[in-house]
Amino acid sequence: MDKIAQLKQWIKESSRIVFFGGAGVSTESGIPDFRSTDGLYNQQYQYPPETILSHSFFIKNPEEFYKFYQNKMIAAGAKPNKAHLALVKLEQEGKLQAVITQNIDGLHQEAGSQNVLELHGCVKRNFCTRCGKSYDLQMVAESQRVPKCLCGGIVKPDVVLYEEGLDSQILEKSVYYISHADLLIVGGTSLTVYPAAGLVDYCRGRLALINKDATPLDGQADLVINGKIGEVLGEACGL
């Protein structure tokens, strides 16, 4: 049995599937990742992306932060791909319990997924750092300089910056779903970003890894498929 046929069979046999995904899910929608050869980490800016996307930099240099953020982090026009649509299909069939994502683009919800746990937040939600008022993506994307609230406070994207901790409730829910899954499908992630990558350790069911390149956890997976997540999931789910 080939590997995709094996995954298809496991999906058929499973009723508590959880999907855990990373940047590779979004790159197929045209959103650049950080760590590939042409990713953001390998482009030249006045400051390294890790510095710009840190909490302290946002506080000290909001103008520089937003120049980079508006240019590189808001993927206007990106649409869900086969990976997103395959997961919606599995959820509608009652097989998929949750999508856990490291991505911040909101494409899983746009595709129609209902139970999405966003480990690193989402660009589509923004809030005033002074009064807490919510703002949509359009307001932030169209601001000429630093987006400001009506109260005068700076508006911050609801994304987890470097130096900020992950939401403990979302982490707890992620651990719960992964530890109760009969099949954990991990796709489009290098599994090098912690604490997110450590969530895989809670898997007690079958573990299937789908990624273009090898990952540090290939050795403990029950099935490893090297390929594009959209193509693999699309075929396995009959899209």
Side-chain angles (χ1 to χ4, degrees), residues 16-26 31 33-35 49-60 62 65 69 73-74 84 87 90-91 96-111 113-137 140 147 149 153-205 207 209 215-217 220-221:
R16 297 190 313 279
I17 301 171
V18 172
F19 179 78
F20 175 56
V25 179
S26 295
I31 298 173
D33 72 352
F34 275 13
R35 290 172 175 77
E50 300 100 317
T51 301
I52 299 172
L53 295 174
S54 68
H55 177 81
S56 54
F57 191 91
F58 172 79
I59 298 300
K60 292 176 192 168
F65 172 89
Y69 183 84
M73 304 303 291
I74 297 174
H84 300 102
L87 295 169
L90 290 180
E91 187 179 52
L96 184 77
Q97 301 296 301
V99 171
I100 302 166
T101 180
Q102 299 175 74
N103 299 328
I104 59 173
D105 48 53
L107 289 179
H108 285 293
Q109 292 95 323
E110 190 175 323
S113 287
Q114 299 298 308
N115 191 22
V116 182
L117 301 174
E118 295 170 315
L119 293 171
H120 298 146
C122 184
V123 297
K124 294 185 178 180
R125 296 188 302 271
N126 305 273
F127 63 93
C128 173
T129 53
R130 183 183 293 173
C131 74
K133 180 178 168 62
S134 296
Y135 287 92
D136 62 14
L137 178 59
V140 169
C149 177
I154 293 176
V155 174
K156 179 185 181 293
D158 189 11
V159 298
V160 179
L161 301 177
Y162 289 99
E163 304 167 351
E164 294 178 344
L166 302 190
D167 184 293
S168 59
Q169 284 188 311
I170 290 175
L171 274 177
E172 284 172 19
K173 284 183 182 177
S174 300
V175 169
Y176 173 84
Y177 280 114
I178 288 174
S179 62
H180 286 79
D182 53 10
L183 172 61
L184 175 62
I185 302 173
V186 178
T189 172
S190 58
L191 291 173
T192 55
V193 178
Y194 283 80
L199 290 170
V200 179
D201 294 338
Y202 292 94
C203 177
R204 300 291 175 263
L207 173 59
L209 293 185
T215 79
L217 298 186
Q220 69 187 64

In this structure, OG of S174 is separated from CG of D167 (nearest 0.5 Å) by 9.5 Å
Sub-3.5 Å donor-acceptor pair from the side chain of T129 to the main-chain atoms of I154, do we have one?
yes
Interatomic distance, OG@S190 vs CG@L217, rounded to 0.5 Å, equals 10.0 Å
Heavy-atom nearest pair, C203 first then L207, reads SG-CB, 4.1 Å
In this structure, NE2 of H108 is separated from CD of Q114 (nearest 0.5 Å) by 13.5 Å
Those residues at least two apart in sequence (or on a different chain) that pass salt bridge (Lys or Arg N to Asp or Glu O under 4.0 Å) with E110 are K79, K124
Shortest non-hydrogen pair, L96 vs F19, comes out as CD1-N, 3.8 Å
Does the pair Y69 and V123 meet the rule for a side-chain contact (heavy atoms from CB on, under 4.5 Å), with working shown? CA-CA 10 Å; Y69 183 84; V123 297; 3.2 Å; yes
Hey, does Q97 have a side-chain heavy atom less than 4.5 Å from the side chain of H180? no
Closest non-hydrogen contact found for V18 with I100 is CG1-CD1, 3.8 Å
Between the OG1 atom in T101 and the CG atom in L119, the distance rounded to the nearest 0.5 Å is 7.5 Å
Exercise for the section: Measure from NZ or CZ of K173 to the centre of the six-membered ring of Y177, then state whether that distance is under 6.0 Å and the direction lies within 45° of the axis. Expected result: no
Quiz prompt | Note, L171 side chain near L199 side chain (heavy atom, < 4.5 Å) | solution = yes
P216 meets the side-chain contact (heavy atoms from CB on, under 4.5 Å) criterion, sequence neighbours left out, with L191, T192
Of all heavy-atom pairs linking L209 and T215, the shortest is CD1-OG1, 3.5 Å
Here the gap from R125 atom CZ to I104 atom CD1, rounded to the nearest 0.5 Å, amounts to 10.5 Å
Using modelled atom types and a 3.5 Å cut-off, is there a donor and acceptor pairing between side-chain atoms of D158 and backbone atoms of G121? no
Smallest heavy-atom separation, F65 atom then L161 atom, equals CE1-CD2, 3.9 Å
d(D201 CG, I178 CD1) to nearest 0.5 Å is 9.5 Å
Under the side-chain contact (heavy atoms from CB on, under 4.5 Å) rule, what do H120 and L166 come out as? Steps first, then yes or no, please. CA-CA 7 Å; H120 298 146; L166 302 190; 3.5 Å; yes
Check whether any side-chain heavy atom of S56 lies under 4.5 Å from a side-chain heavy atom of E163, and answer yes or no. yes
- prompt: Would you say F127 has more than 12 foreign heavy atoms packed within less than 6.0 Å of its CZ?
  reply: yes
query = Ignoring hydrogens and geometry, is there a side-chain-to-backbone donor-acceptor pair from E91 to N115 under 3.5 Å?
reply = yes
Correct closest heavy-atom pair for D105 and C122 would be C-SG, 4.3 Å
